[in-house]
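So the structure is just underneath, and the comments pick up after that.
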Amino acid sequence: MELFEAISARHSMRSFTDEPVSRQVMERLVSAASLAPSAMNEQPWDFYVTTGETRRQLSEVMSQGTHHLEEYLEVLGHTATPEQLEWYSELGGAPVVVACTIPRTDDEFLLMNKYLSVGGAIENMLLAATDLGLGACAVTFSYWVRDEIEKLLEVPDGRIIVSMIAIGHPTDLPPVAPLHRMDTAVYLD
Ligand SMILES: Cc1cc2nc3c(=O)[nH]c(=O)nc-3n(C[C@H](O)[C@H](O)[C@H](O)COP(=O)(O)O)c2cc1C
C-alpha cells in the first residue's frame, strides 16, 4: 500500500475476528514502531506484545477497570452504554494487545519528549498494521488499572504503560471513521 493511501485508510478498528496474528507479523509491526524518530534518539519505547494466556489474563484485569471507568464518565458527565464499558475489558476481541511503555521521570520536559516520541512509534505501528490489512486501535483507558497491568506484564518499576494497542483482523463492522479536521495549519509567508 502506498504511504498516503495507508495514512488515509487507517482508522481505529474496534472489532476483531479470533484469527490469530502471527509472531512474524507482530515482529514487523514492532520493527516499524522502532524506526520512529525520537527526542535525542532516546527510543524510549518498549512494547509488551500479549497473546494467548497473557492476553486472556489482561482481559480479566481490564474488566476490573470498567468499574473505575464508570465513575470517571460520571464525573465528566458522559453517558456510556454497557456495551461501551464492556469493550474496555475485551478490546473488541483483539487477539493481540500491545502495551507501550516509557521510562518514568518527574521532569516535565523529558516526559513530554518521551510521550511525543512514543506517539510517533504508535502511529508507525498503526500504519504498518493498516498496510498489512490488519485493524488496530490505540487505547489509553487502561490507566485505571495500569498498576495491575504493569504487574501482570512484569514491567520494571522504572517504566510506565502509556498506551495499549488492540490489534487483529477486523470484522465486517465498519470503523466509526470520524471526519478529520483539515483546517489545522496556519501558513505564514
Ligand atoms: C492516545 C490515544 C488514545 C485513544 N484512546 C482510545 C480509547 O480509550 N478508546 C477508543 O475507543 N479509542 C481510543 N482512541 C482512538 C481514537 O478515538 C480515534 O483515533 C479517534 O476517534 C479518530 O478516529 P480514527 O482513529 O478512526 O481516525 C485513542 C487514540 C489515541 C491516539
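Remember, it's 1-based here, ligands and their atoms both numbered in the order they're listed.
- Of the possible polar contacts, none joining the Asp46 side chain to the Thr101 backbone as a donor-acceptor pair under 3.5 Å is found.
- The distance from the OG1 atom of Thr51 to the CZ atom of Arg56 is 13.0 Å, given to the nearest 0.5 Å.
- At least one N or O atom of Ala138 sits closer than 3.5 Å to an N or O atom of ligand 1.
- Of all the heavy atoms of Pro178, the ones lying under 4.0 Å from any atom of ligand 1 belong exclusively to the side chain.
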Donor-acceptor contacts under 3.5 Å from residues 2-14 side chains, at least two apart:
| unit_1 | atom_1 | unit_2 | atom_2 | d |
| --- | --- | --- | --- | --- |
| Ser8 | OG | Phe4 | O | 3.0 |

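- Using a 3.5 Å distance cut-off with no hydrogens or angles, the side chains of Thr50 and Arg55 do not pair a donor with an acceptor.
- Taking each of Val118, Ile165, Leu179, Thr140 in turn, the one with a heavy atom nearest to atom 1 (C) of ligand 1 proves to be Thr140.
- Close approach of ligand 1 to Trp87 (heavy-atom distance below 4.0 Å) involves ligand atoms 9 (N), 11 (O).
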Throw together a table of side-chain donor-acceptor distances under 3.5 angstrom for residues 104-116, partners on residues two or more places apart or in other chains.
| unit_1 | atom_1 | unit_2 | atom_2 | d |
| --- | --- | --- | --- | --- |
| Arg104 | NE | Asp157 | O | 2.7 |
| Arg104 | NH2 | Glu150 | OE1 | 3.4 |
| Thr105 | OG1 | Asp107 | N | 3.0 |
| Asp107 | OD1 | Phe109 | N | 2.9 |
| Asp107 | OD1 | Leu110 | N | 3.0 |
| Lys114 | NZ | Glu42 | OE1 | 3.3 |
| Lys114 | NZ | Glu42 | OE2 | 2.7 |
| Tyr115 | OH | Tyr143 | OH | 3.1 |

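- For Cys137, every heavy-atom contact with ligand 1 shorter than 4.0 Å involves the side chain, none the backbone.
- Nearest to atom 16 (C) of ligand 1 by heavy-atom distance, out of Arg10, His11, Arg14, is Arg14.
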